[in-house]
Amino acid sequence: MKLSNLFFNTLKESPKEAQIISHQLMLRASMIRQHTSGIYTWLPLGFRVLKNIENIVRYNQDKIGCNEMLMSTIQSSDLWKKSGRYPDYGKEMLRIHDRHDNELLYGPTNEEVITDLFKDYVNSYKGLPKYLYHIQWKFRDEIRPRFGVMRGREFLMKDAYSFDLDHKSAVDTYKIFFKCYLQTFLDLGLQPIPVKAATGAIGGDLSHEFQILAKTGESELAYDSKLVSDDLINKSYEEITSMYSASDEMIDRNKSDVVIGRGIEVGHIFNFGIKYSEPLECYVLNNEGKRVNLHMGSYGIGVSRLTAAIIEAYHDENGIKWPFQISPFKLNIISALKNENSIIDQDLYLKLKNKYENISLDDRDLSLGKKIKDSELIGVPWTIIIGKNYEQNKQFEIINRSSGEKLFLSDNEIENFPFEQYTP
RNA sequence: CGGGGAGUAGCUCAGUCUGGUAGAGUGUCUGCUUUGGGAGCAGAAAGUCGCAGGUUCGAAUCCUGUCUCCCCGACCA
(Lines give C-alpha, C1' and ligand atoms only; values in the text may rest on other atoms or scores of the structure.)
Protein backbone atom coordinates (compact mmCIF):
# COMPACT_ATOMS: atom_id res chain seq x y z
CA MET A 1 0.00 0.00 0.00
CA LYS A 2 1.11 3.52 -0.67
CA LEU A 3 1.23 5.39 2.61
CA SER A 4 -0.28 8.44 0.93
CA ASN A 5 -3.48 6.35 0.80
CA LEU A 6 -3.27 5.02 4.34
CA PHE A 7 -5.62 6.49 6.92
CA PHE A 8 -3.31 7.11 9.83
CA ASN A 9 -1.76 9.91 11.80
CA THR A 10 1.18 9.17 14.06
CA LEU A 11 1.62 11.04 17.29
CA LYS A 12 4.85 12.25 18.83
CA GLU A 13 3.39 12.40 22.32
CA SER A 14 1.21 9.74 23.83
CA PRO A 15 -2.29 10.63 24.95
CA LYS A 16 -2.55 10.80 28.70
CA GLU A 17 -5.20 8.10 29.01
CA ALA A 18 -2.58 5.47 28.13
CA GLN A 19 -0.52 4.09 31.00
CA ILE A 20 1.21 1.03 29.61
CA ILE A 21 3.57 0.88 26.66
CA SER A 22 1.36 -1.20 24.35
CA HIS A 23 -1.58 1.15 24.83
CA GLN A 24 0.62 4.19 24.25
CA LEU A 25 2.17 2.75 21.12
CA MET A 26 -1.16 1.58 19.72
CA LEU A 27 -2.49 5.12 20.05
CA ARG A 28 0.68 6.77 18.76
CA ALA A 29 0.81 4.47 15.74
CA SER A 30 -2.88 5.03 14.94
CA MET A 31 -3.88 1.42 15.48
CA ILE A 32 -6.89 2.10 17.65
CA ARG A 33 -9.06 4.93 18.85
CA GLN A 34 -11.04 4.81 22.06
CA HIS A 35 -14.75 5.19 21.53
CA THR A 36 -15.72 5.00 25.17
CA SER A 37 -14.35 3.23 28.22
CA GLY A 38 -13.13 -0.22 27.20
CA ILE A 39 -14.50 0.05 23.67
CA TYR A 40 -12.32 0.79 20.66
CA THR A 41 -12.42 1.46 16.95
CA TRP A 42 -9.79 -0.54 15.11
CA LEU A 43 -8.13 1.77 12.60
CA PRO A 44 -6.59 0.39 9.39
CA LEU A 45 -3.17 -0.39 10.87
CA GLY A 46 -4.60 -2.04 13.96
CA PHE A 47 -7.12 -3.96 11.92
CA ARG A 48 -4.39 -5.38 9.68
CA VAL A 49 -2.56 -6.66 12.75
CA LEU A 50 -5.75 -8.08 14.24
CA LYS A 51 -6.46 -9.99 11.04
CA ASN A 52 -2.93 -11.37 10.87
CA ILE A 53 -3.21 -12.70 14.42
CA GLU A 54 -6.65 -14.06 13.73
CA ASN A 55 -5.37 -15.96 10.70
CA ILE A 56 -2.58 -17.62 12.63
CA VAL A 57 -5.06 -18.67 15.30
CA ARG A 58 -7.46 -19.91 12.61
CA TYR A 59 -4.76 -21.89 10.82
CA ASN A 60 -3.91 -23.78 14.01
CA GLN A 61 -7.53 -24.49 14.89
CA ASP A 62 -8.21 -25.82 11.41
CA LYS A 63 -5.15 -28.05 11.68
CA ILE A 64 -6.68 -30.08 14.53
CA GLY A 65 -9.97 -30.51 12.71
CA CYS A 66 -11.84 -27.74 14.45
CA ASN A 67 -14.85 -26.43 12.50
CA GLU A 68 -15.05 -22.68 12.07
CA MET A 69 -18.52 -21.17 12.29
CA LEU A 70 -20.04 -17.94 13.52
CA MET A 71 -22.59 -17.52 16.26
CA SER A 72 -24.54 -14.37 16.89
CA THR A 73 -23.31 -11.70 19.28
CA ILE A 74 -26.82 -11.17 20.68
CA GLN A 75 -28.31 -14.07 22.60
CA SER A 76 -31.66 -14.84 24.13
CA SER A 77 -31.74 -15.16 27.91
CA ASP A 78 -33.71 -18.45 27.74
CA LEU A 79 -30.73 -20.80 27.54
CA TRP A 80 -28.91 -18.95 30.27
CA LYS A 81 -31.87 -19.45 32.55
CA LYS A 82 -31.76 -23.17 31.75
CA SER A 83 -28.05 -23.48 32.48
CA GLY A 84 -28.50 -21.48 35.66
CA ARG A 85 -25.95 -18.86 34.72
CA TYR A 86 -28.39 -16.02 34.05
CA PRO A 87 -28.47 -14.84 37.66
CA ASP A 88 -24.87 -15.92 38.34
CA TYR A 89 -23.24 -13.84 35.66
CA GLY A 90 -24.34 -10.68 37.37
CA LYS A 91 -23.61 -7.18 36.23
CA GLU A 92 -20.78 -8.26 34.00
CA MET A 93 -23.37 -9.37 31.47
CA LEU A 94 -24.83 -6.66 29.30
CA ARG A 95 -28.57 -7.24 29.37
CA ILE A 96 -30.85 -5.64 26.84
CA HIS A 97 -34.51 -5.69 25.92
CA ASP A 98 -36.04 -5.76 22.47
CA ARG A 99 -39.24 -3.94 21.42
CA HIS A 100 -41.38 -6.80 22.69
CA ASP A 101 -39.60 -6.49 26.01
CA ASN A 102 -37.91 -9.89 25.56
CA GLU A 103 -34.75 -10.29 27.58
CA LEU A 104 -31.66 -10.41 25.38
CA LEU A 105 -27.98 -10.16 26.16
CA TYR A 106 -24.75 -9.34 24.36
CA GLY A 107 -22.87 -12.63 24.60
CA PRO A 108 -19.90 -12.82 26.98
CA THR A 109 -19.30 -16.48 25.96
CA ASN A 110 -21.11 -19.21 24.05
CA GLU A 111 -21.37 -22.48 25.98
CA GLU A 112 -25.17 -22.34 26.15
CA VAL A 113 -25.72 -21.49 22.51
CA ILE A 114 -23.38 -24.12 21.16
CA THR A 115 -24.62 -26.85 23.48
CA ASP A 116 -28.18 -26.17 22.44
CA LEU A 117 -27.14 -26.24 18.81
CA PHE A 118 -25.10 -29.41 19.10
CA LYS A 119 -27.77 -31.54 20.72
CA ASP A 120 -30.04 -31.21 17.69
CA TYR A 121 -27.36 -32.09 15.15
CA VAL A 122 -25.50 -35.01 16.69
CA ASN A 123 -27.51 -37.86 18.20
CA SER A 124 -25.10 -40.79 18.02
CA TYR A 125 -21.76 -41.61 19.57
CA LYS A 126 -20.64 -42.26 15.99
CA GLY A 127 -20.61 -38.50 15.37
CA LEU A 128 -18.05 -37.88 18.14
CA PRO A 129 -15.79 -36.28 18.96
CA LYS A 130 -16.48 -32.95 17.31
CA TYR A 131 -14.74 -29.60 17.71
CA LEU A 132 -16.31 -26.25 16.81
CA TYR A 133 -15.00 -22.71 17.07
CA HIS A 134 -15.61 -19.16 16.08
CA ILE A 135 -13.78 -15.88 16.26
CA GLN A 136 -16.25 -13.33 17.47
CA TRP A 137 -16.67 -10.10 19.39
CA LYS A 138 -17.66 -10.54 23.00
CA PHE A 139 -18.86 -8.09 25.58
CA ARG A 140 -18.16 -8.30 29.28
CA ASP A 141 -19.05 -5.26 31.30
CA GLU A 142 -15.82 -5.25 33.28
CA ILE A 143 -15.86 -3.45 36.58
CA ARG A 144 -12.79 -1.60 35.49
CA PRO A 145 -11.60 -1.72 31.89
CA ARG A 146 -7.97 -0.68 31.56
CA PHE A 147 -4.75 -0.82 29.58
CA GLY A 148 -6.39 -0.26 26.21
CA VAL A 149 -7.38 -3.44 24.41
CA MET A 150 -5.62 -5.50 27.06
CA ARG A 151 -8.74 -5.39 29.19
CA GLY A 152 -11.49 -3.95 27.08
CA ARG A 153 -15.16 -4.52 27.57
CA GLU A 154 -15.68 -5.37 23.92
CA PHE A 155 -13.01 -7.79 22.72
CA LEU A 156 -12.31 -10.30 19.97
CA MET A 157 -12.01 -13.87 21.16
CA LYS A 158 -11.47 -17.22 19.52
CA ASP A 159 -13.61 -19.65 21.47
CA ALA A 160 -13.69 -23.35 20.68
CA TYR A 161 -15.96 -26.03 22.14
CA SER A 162 -15.43 -29.78 22.17
CA PHE A 163 -17.93 -32.63 22.49
CA ASP A 164 -16.82 -36.11 23.55
CA LEU A 165 -18.57 -39.31 24.52
CA ASP A 166 -16.83 -39.80 27.85
CA HIS A 167 -14.32 -38.35 30.24
CA LYS A 168 -11.36 -40.29 28.87
CA SER A 169 -12.00 -39.12 25.34
CA ALA A 170 -12.55 -35.54 26.59
CA VAL A 171 -9.14 -35.61 28.26
CA ASP A 172 -7.54 -36.72 25.00
CA THR A 173 -9.24 -33.77 23.33
CA TYR A 174 -7.99 -31.47 26.06
CA LYS A 175 -4.42 -32.58 25.37
CA ILE A 176 -4.87 -31.94 21.64
CA PHE A 177 -5.97 -28.37 22.34
CA PHE A 178 -3.19 -27.94 24.86
CA LYS A 179 -0.55 -28.74 22.25
CA CYS A 180 -2.41 -26.73 19.62
CA TYR A 181 -2.29 -23.69 21.90
CA LEU A 182 1.44 -24.01 22.45
CA GLN A 183 1.95 -24.15 18.69
CA THR A 184 -0.36 -21.20 18.08
CA PHE A 185 1.52 -18.93 20.47
CA LEU A 186 4.87 -20.06 19.10
CA ASP A 187 3.63 -19.25 15.58
CA LEU A 188 2.72 -15.79 16.84
CA GLY A 189 6.32 -15.35 17.93
CA LEU A 190 5.53 -15.68 21.63
CA GLN A 191 6.90 -17.85 24.41
CA PRO A 192 3.91 -19.43 26.15
CA ILE A 193 3.97 -20.61 29.75
CA PRO A 194 1.17 -23.07 30.49
CA VAL A 195 -0.08 -22.66 34.04
CA LYS A 196 -2.44 -24.92 35.92
CA ALA A 197 -5.47 -22.80 36.65
CA ALA A 198 -8.21 -22.60 39.20
CA THR A 199 -11.34 -23.49 37.29
CA GLY A 200 -13.36 -20.63 38.73
CA ALA A 201 -16.84 -19.78 37.55
CA ILE A 202 -16.83 -21.95 34.45
CA GLY A 203 -16.16 -25.04 36.54
CA GLY A 204 -14.69 -28.42 35.70
CA ASP A 205 -11.68 -30.38 36.77
CA LEU A 206 -8.98 -29.60 34.21
CA SER A 207 -7.87 -26.14 33.24
CA HIS A 208 -4.75 -24.33 32.06
CA GLU A 209 -3.98 -20.71 31.41
CA PHE A 210 -1.44 -19.78 28.78
CA GLN A 211 0.66 -16.85 29.90
CA ILE A 212 3.23 -14.94 27.96
CA LEU A 213 6.01 -13.23 29.81
CA ALA A 214 5.87 -9.44 30.08
CA LYS A 215 6.98 -6.98 32.74
CA THR A 216 3.57 -5.31 32.69
CA GLY A 217 1.61 -8.56 32.93
CA GLU A 218 -1.34 -8.63 35.28
CA SER A 219 -0.49 -12.03 36.76
CA GLU A 220 2.44 -12.98 38.89
CA LEU A 221 4.07 -16.22 37.73
CA ALA A 222 6.34 -18.79 39.26
CA TYR A 223 7.62 -21.49 36.92
CA ASP A 224 10.28 -24.06 36.23
CA SER A 225 12.92 -22.48 33.98
CA LYS A 226 12.80 -25.58 31.79
CA LEU A 227 9.36 -24.45 30.60
CA VAL A 228 11.03 -21.73 28.57
CA SER A 229 12.60 -23.92 25.96
CA ASP A 230 12.82 -24.15 22.21
CA ASP A 231 11.68 -27.74 22.04
CA LEU A 232 8.78 -27.49 24.47
CA ILE A 233 6.46 -28.27 21.59
CA ASN A 234 8.20 -31.63 21.07
CA LYS A 235 7.52 -32.72 24.63
CA SER A 236 4.40 -34.62 25.61
CA TYR A 237 1.52 -33.12 27.57
CA GLU A 238 2.56 -35.23 30.55
CA GLU A 239 6.17 -34.06 30.40
CA ILE A 240 5.17 -30.42 30.14
CA THR A 241 2.56 -30.47 32.88
CA SER A 242 4.91 -32.26 35.25
CA MET A 243 7.02 -29.09 35.35
CA TYR A 244 6.07 -26.59 38.01
CA SER A 245 4.13 -23.44 37.13
CA ALA A 246 1.60 -21.36 39.02
CA SER A 247 0.08 -17.92 39.00
CA ASP A 248 -0.92 -15.44 41.69
CA GLU A 249 -2.45 -16.98 44.80
CA MET A 250 -1.74 -20.50 43.50
CA ILE A 251 2.00 -19.91 43.86
CA ASP A 252 3.75 -22.01 46.49
CA ARG A 253 5.85 -19.42 48.33
CA ASN A 254 8.06 -22.06 49.92
CA LYS A 255 9.24 -23.39 46.62
CA SER A 256 12.79 -22.56 45.59
CA ASP A 257 14.52 -22.95 42.19
CA VAL A 258 11.62 -21.41 40.32
CA VAL A 259 11.67 -18.33 38.11
CA ILE A 260 9.44 -15.50 39.26
CA GLY A 261 8.00 -13.24 36.59
CA ARG A 262 4.90 -11.56 35.32
CA GLY A 263 2.63 -12.73 32.57
CA ILE A 264 -0.27 -11.78 30.36
CA GLU A 265 -2.97 -14.39 30.10
CA VAL A 266 -3.65 -14.88 26.41
CA GLY A 267 -5.39 -18.23 26.44
CA HIS A 268 -7.39 -20.44 28.76
CA ILE A 269 -8.61 -23.98 28.27
CA PHE A 270 -11.20 -25.87 30.33
CA ASN A 271 -12.58 -29.34 30.55
CA PHE A 272 -15.88 -29.13 32.39
CA GLY A 273 -17.55 -32.47 31.79
CA ILE A 274 -21.33 -32.42 31.74
CA LYS A 275 -21.81 -29.05 33.44
CA TYR A 276 -23.75 -27.67 30.47
CA SER A 277 -24.76 -30.83 28.63
CA GLU A 278 -26.79 -31.98 31.60
CA PRO A 279 -29.05 -28.95 32.18
CA LEU A 280 -29.31 -28.27 28.46
CA GLU A 281 -30.02 -31.93 27.72
CA CYS A 282 -27.25 -32.50 25.26
CA TYR A 283 -26.77 -36.25 24.90
CA VAL A 284 -26.23 -39.01 22.34
CA LEU A 285 -27.01 -42.70 22.25
CA ASN A 286 -23.94 -44.83 23.00
CA ASN A 287 -23.17 -48.23 21.53
CA GLU A 288 -25.59 -49.82 23.99
CA GLY A 289 -28.39 -47.56 22.90
CA LYS A 290 -28.28 -45.62 26.17
CA ARG A 291 -28.46 -41.85 26.55
CA VAL A 292 -25.23 -40.28 27.76
CA ASN A 293 -24.54 -36.62 28.38
CA LEU A 294 -21.64 -35.29 26.39
CA HIS A 295 -18.35 -34.31 27.98
CA MET A 296 -17.44 -30.82 26.94
CA GLY A 297 -14.55 -28.44 27.00
CA SER A 298 -14.02 -24.84 25.97
CA TYR A 299 -10.87 -23.17 24.75
CA GLY A 300 -10.37 -19.42 24.52
CA ILE A 301 -7.75 -17.17 22.98
CA GLY A 302 -7.92 -13.40 23.44
CA VAL A 303 -7.26 -12.26 19.90
CA SER A 304 -7.56 -8.51 20.47
CA ARG A 305 -5.60 -8.78 23.71
CA LEU A 306 -2.81 -10.50 21.78
CA THR A 307 -2.14 -7.36 19.74
CA ALA A 308 -1.27 -5.56 22.96
CA ALA A 309 0.53 -8.57 24.43
CA ILE A 310 2.78 -8.87 21.38
CA ILE A 311 3.68 -5.18 21.62
CA GLU A 312 4.48 -5.62 25.31
CA ALA A 313 6.88 -8.37 24.27
CA TYR A 314 8.35 -6.56 21.25
CA HIS A 315 9.07 -2.86 21.41
CA ASP A 316 11.81 -0.36 22.16
CA GLU A 317 11.99 3.37 22.84
CA ASN A 318 11.29 4.13 19.17
CA GLY A 319 8.17 2.05 18.81
CA ILE A 320 6.83 -1.37 17.98
CA LYS A 321 8.90 -4.27 16.65
CA TRP A 322 6.40 -6.58 15.00
CA PRO A 323 7.21 -10.22 14.35
CA PHE A 324 7.25 -10.55 10.55
CA GLN A 325 4.06 -12.61 10.35
CA ILE A 326 2.09 -10.10 12.44
CA SER A 327 3.28 -6.84 10.94
CA PRO A 328 0.75 -4.68 9.07
CA PHE A 329 3.41 -4.30 6.36
CA LYS A 330 6.26 -6.73 5.82
CA LEU A 331 8.58 -4.02 4.57
CA ASN A 332 8.45 -0.31 3.92
CA ILE A 333 10.15 1.45 1.02
CA ILE A 334 11.33 5.03 1.46
CA SER A 335 12.83 7.07 -1.33
CA ALA A 336 15.27 9.86 -0.52
CA LEU A 337 16.33 10.43 -4.11
CA LYS A 338 16.70 14.06 -5.05
CA ASN A 339 15.51 13.63 -8.60
CA GLU A 340 11.76 14.08 -8.36
CA ASN A 341 11.13 12.18 -11.57
CA SER A 342 12.78 9.05 -10.26
CA ILE A 343 10.53 6.02 -10.18
CA ILE A 344 13.10 3.63 -8.70
CA ASP A 345 11.03 3.38 -5.52
CA GLN A 346 7.84 2.54 -7.40
CA ASP A 347 9.62 -0.05 -9.52
CA LEU A 348 10.99 -1.73 -6.42
CA TYR A 349 7.59 -1.53 -4.75
CA LEU A 350 5.90 -3.31 -7.65
CA LYS A 351 8.63 -5.92 -7.85
CA LEU A 352 8.52 -6.83 -4.14
CA LYS A 353 4.75 -6.64 -4.01
CA ASN A 354 4.63 -9.72 -6.21
CA LYS A 355 6.53 -11.65 -3.58
CA TYR A 356 5.09 -10.23 -0.37
CA GLU A 357 1.41 -9.58 -0.06
CA ASN A 358 1.54 -6.59 2.23
CA ILE A 359 4.29 -4.09 1.78
CA SER A 360 4.23 -0.32 1.85
CA LEU A 361 5.74 2.55 -0.09
CA ASP A 362 6.08 5.80 1.81
CA ASP A 363 5.33 8.19 -1.04
CA ARG A 364 4.33 11.04 1.26
CA ASP A 365 5.94 14.43 0.79
CA LEU A 366 7.83 14.40 4.08
CA SER A 367 11.41 14.58 5.27
CA LEU A 368 13.43 11.39 5.38
CA GLY A 369 13.76 11.62 9.15
CA LYS A 370 10.01 11.75 9.70
CA LYS A 371 9.47 8.77 7.40
CA ILE A 372 12.09 6.69 9.19
CA LYS A 373 10.60 7.58 12.57
CA ASP A 374 7.16 6.55 11.38
CA SER A 375 8.50 3.30 10.00
CA GLU A 376 10.08 2.56 13.38
CA LEU A 377 7.01 3.56 15.37
CA ILE A 378 4.66 1.46 13.27
CA GLY A 379 7.09 -1.41 13.72
CA VAL A 380 7.67 -2.58 10.15
CA PRO A 381 10.36 -5.33 10.26
CA TRP A 382 12.35 -3.99 7.32
CA THR A 383 12.79 -0.47 6.04
CA ILE A 384 14.35 -0.04 2.61
CA ILE A 385 15.92 3.32 1.88
CA ILE A 386 16.72 4.41 -1.64
CA GLY A 387 19.08 7.33 -1.36
CA LYS A 388 22.75 8.18 -1.09
CA ASN A 389 23.91 4.62 -1.53
CA TYR A 390 21.70 4.08 -4.50
CA GLU A 391 22.98 7.18 -6.23
CA GLN A 392 26.61 6.28 -5.58
CA ASN A 393 26.70 2.48 -5.74
CA LYS A 394 23.26 1.41 -6.97
CA GLN A 395 22.65 -0.19 -3.58
CA PHE A 396 19.52 -0.27 -1.50
CA GLU A 397 19.92 0.27 2.21
CA ILE A 398 18.00 -2.25 4.29
CA ILE A 399 17.40 -1.59 7.97
CA ASN A 400 16.41 -4.40 10.31
CA ARG A 401 13.91 -2.95 12.80
CA SER A 402 14.81 -5.31 15.58
CA SER A 403 18.60 -5.27 15.51
CA GLY A 404 19.06 -1.90 13.83
CA GLU A 405 21.47 -3.67 11.51
CA LYS A 406 21.96 -2.15 8.05
CA LEU A 407 22.58 -4.10 4.86
CA PHE A 408 23.37 -2.83 1.41
CA LEU A 409 21.93 -4.85 -1.44
CA SER A 410 22.03 -4.59 -5.20
CA ASP A 411 18.99 -4.76 -7.42
CA ASN A 412 19.38 -8.50 -7.96
CA GLU A 413 20.19 -9.27 -4.35
CA ILE A 414 17.17 -7.50 -2.95
CA GLU A 415 14.76 -9.53 -5.06
CA ASN A 416 15.97 -12.77 -3.54
CA PHE A 417 16.65 -11.52 -0.05
CA PRO A 418 14.87 -13.70 2.54
CA PHE A 419 12.97 -10.93 4.31
CA GLU A 420 10.63 -13.47 5.93
CA GLN A 421 13.54 -14.86 7.94
CA TYR A 422 13.19 -12.13 10.53
CA THR A 423 13.11 -12.54 14.28
CA PRO A 424 12.31 -9.62 16.52
C1' C B 1 -18.90 -0.18 44.29
C1' G B 2 -14.88 2.08 47.83
C1' G B 3 -10.45 5.40 47.54
C1' G B 4 -7.68 9.07 44.49
C1' G B 5 -7.08 12.33 40.05
C1' A B 6 -8.59 14.90 35.52
C1' G B 7 -11.98 17.34 31.73
C1' U B 8 -9.28 24.36 28.14
C1' A B 9 -7.22 23.77 19.95
C1' G B 10 -6.25 17.01 16.62
C1' C B 11 -2.26 15.77 20.72
C1' U B 12 0.64 17.44 25.37
C1' C B 13 -0.33 21.20 28.76
C1' A B 14 -0.37 26.54 31.17
C1' G B 15 -4.11 29.88 32.92
C1' U B 16 -8.37 28.55 38.12
C1' C B 17 -5.75 29.93 44.46
C1' U B 18 -6.37 36.15 43.75
C1' G B 19 -13.21 36.80 38.48
C1' G B 20 -11.92 41.49 33.78
C1' U B 21 -13.79 38.35 28.11
C1' A B 22 -8.42 32.51 25.44
C1' G B 23 -2.53 31.06 25.74
C1' A B 24 2.13 27.91 24.63
C1' G B 25 4.46 23.67 22.37
C1' U B 26 3.33 20.13 18.82
C1' G B 27 0.23 18.96 14.73
C1' U B 28 -2.67 21.28 10.45
C1' C B 29 -2.88 25.02 6.18
C1' U B 30 -0.20 28.78 2.67
C1' G B 31 4.44 30.64 0.66
C1' C B 32 9.67 30.50 0.26
C1' U B 33 14.02 27.84 1.53
C1' U B 34 15.34 22.81 2.50
C1' U B 35 16.15 17.13 1.73
C1' G B 36 20.26 11.02 5.49
C1' G B 37 17.20 10.66 11.39
C1' G B 38 10.35 13.62 13.85
C1' A B 39 13.91 20.42 8.93
C1' G B 40 14.22 26.36 8.81
C1' C B 41 11.84 31.18 8.19
C1' A B 42 7.36 34.01 7.54
C1' G B 43 2.21 34.07 7.75
C1' A B 44 -2.69 31.69 8.81
C1' A B 45 -6.80 28.79 10.45
C1' A B 46 -8.37 26.23 14.68
C1' G B 47 -11.42 26.09 21.38
C1' U B 48 -19.97 26.74 22.99
C1' C B 49 -12.94 26.27 28.47
C1' G B 50 -17.39 18.54 29.51
C1' C B 51 -22.77 19.86 30.41
C1' A B 52 -26.77 22.44 33.25
C1' G B 53 -28.08 25.93 36.71
C1' G B 54 -26.63 29.80 40.23
C1' U B 55 -23.73 34.25 42.26
C1' U B 56 -21.84 38.77 39.77
C1' C B 57 -21.81 44.70 35.95
C1' G B 58 -18.66 40.61 34.28
C1' A B 59 -17.25 33.41 35.21
C1' A B 60 -12.39 28.80 32.21
C1' U B 61 -11.77 30.94 37.25
C1' C B 62 -16.49 31.21 42.76
C1' C B 63 -21.08 27.95 44.31
C1' U B 64 -24.59 23.71 43.35
C1' G B 65 -25.85 19.68 40.49
C1' U B 66 -24.65 16.35 36.65
C1' C B 67 -21.94 13.55 32.83
C1' U B 68 -17.45 11.49 31.10
C1' C B 69 -12.44 9.75 31.32
C1' C B 70 -7.98 7.96 33.96
C1' C B 71 -5.39 5.57 38.27
C1' C B 72 -5.42 1.90 42.94
C1' G B 73 -8.65 -2.60 44.79
C1' A B 74 -12.43 -6.99 43.96
C1' C B 75 -13.65 -9.66 38.28
C1' C B 76 -11.58 -11.84 33.77
C1' A B 77 -9.69 -13.91 27.10
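Every heavy atom of this structure was used, including side-chain atoms; hydrogens, water molecules and symmetry mates were not. Please read these numbers as outputs of a predicted model, since none were measured by experiment. Quick note on labels: first sequence line is chain A, next is B, and so on, each numbered from 1.
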Discussion item. Quick check on B:C71: is either OP1 or OP2 less than 4.0 Å from any side-chain nitrogen or oxygen of A:R144?
Written reply: yes
Worksheet item: Of all residues at least two apart in sequence or in a different chain, which pass the side-chain contact (heavy atoms from CB on, under 4.5 Å) check with A:N318?
Response: A:D316, A:K373, A:E376, A:R401
Item to complete: May I ask you to say what A:Q34 touches in the nucleic acid, namely base, sugar-phosphate or nothing, with a heavy-atom cut-off under 4.0 Å?
Response: sugar-phosphate
Discussion item. Which residues in residues 14-24 of chain A have a heavy atom closer than 4.0 Å to any atom of RNA chain B?
Written reply: A:S14, A:P15, A:K16, A:E17, A:Q19
Practice prompt. Sequence neighbours left out, what passes ring pair (Phe, Tyr, Trp, His ring centres under 6.0 Å) with A:Y174? Give chain and number order.
Written response: A:H208
Worksheet item: Going by heavy atoms closer than 4.0 Å, what residues in residues 389-414 of chain A are next to RNA chain B?
Response: A:N389, A:E397, A:I399, A:K406
Practice prompt. Pick base, sugar-phosphate or nothing for A:R28, based on heavy-atom distances below 4.0 Å to the nucleic acid.
Written response: base
Worksheet item: Is A:R151 side chain donor-acceptor paired with the B:C76 base, going by distance under 3.5 Å alone?
Response: yes
Item to complete: Mind listing the residues from residues 35-71 of chain A sitting with a heavy atom below 4.0 Å of RNA chain B? Number order is fine.
Response: A:T36, A:S37
Discussion item. For A:T423, give me all partners under side chain to side chain donor-acceptor pair (under 3.5 Å), at least two apart in sequence or on another chain.
Written reply: none
Fill in: Residues in side-chain contact (heavy atoms from CB on, under 4.5 Å) contact with A:K158, at least two apart in sequence or another chain
A:V57, A:Q61, A:Y133, A:I135, A:A160, A:Y181, A:Y299, A:I301, A:V303
Worksheet item: With distance as the sole criterion, is a donor-acceptor pair present between the side chains of A:S298 and A:E111 under 3.5 Å?
Response: yes
Discussion item. Considering only residues two or more places apart or on different chains, which pairs with a residue in residues 214-245 of chain A satisfy ring-ring contact (aromatic ring centres under 6.0 Å, His included)?
Written reply: A:F178-A:Y237
Worksheet item: Mind checking what makes ring pair (Phe, Tyr, Trp, His ring centres under 6.0 Å) contact with A:Y40, not counting sequence neighbours?
Response: none
Can you check nucleotides 28-34 of chain B for protein contacts, nitrogen or oxygen pairs under 3.5 Å, and list what you find?
none

Practice prompt. With heavy atoms under 4.0 Å as the rule, sort A:G387 into base, sugar-phosphate or nothing.
Written response: base
Worksheet item: A:Y89: what forms a ring pair (Phe, Tyr, Trp, His ring centres under 6.0 Å) with it, not counting sequence neighbours?
Response: A:W80
Worksheet, complete the sentence: By side-chain contact (heavy atoms from CB on, under 4.5 Å), A:N102 pairs with (sequence neighbours left out) A:D98, A:H100
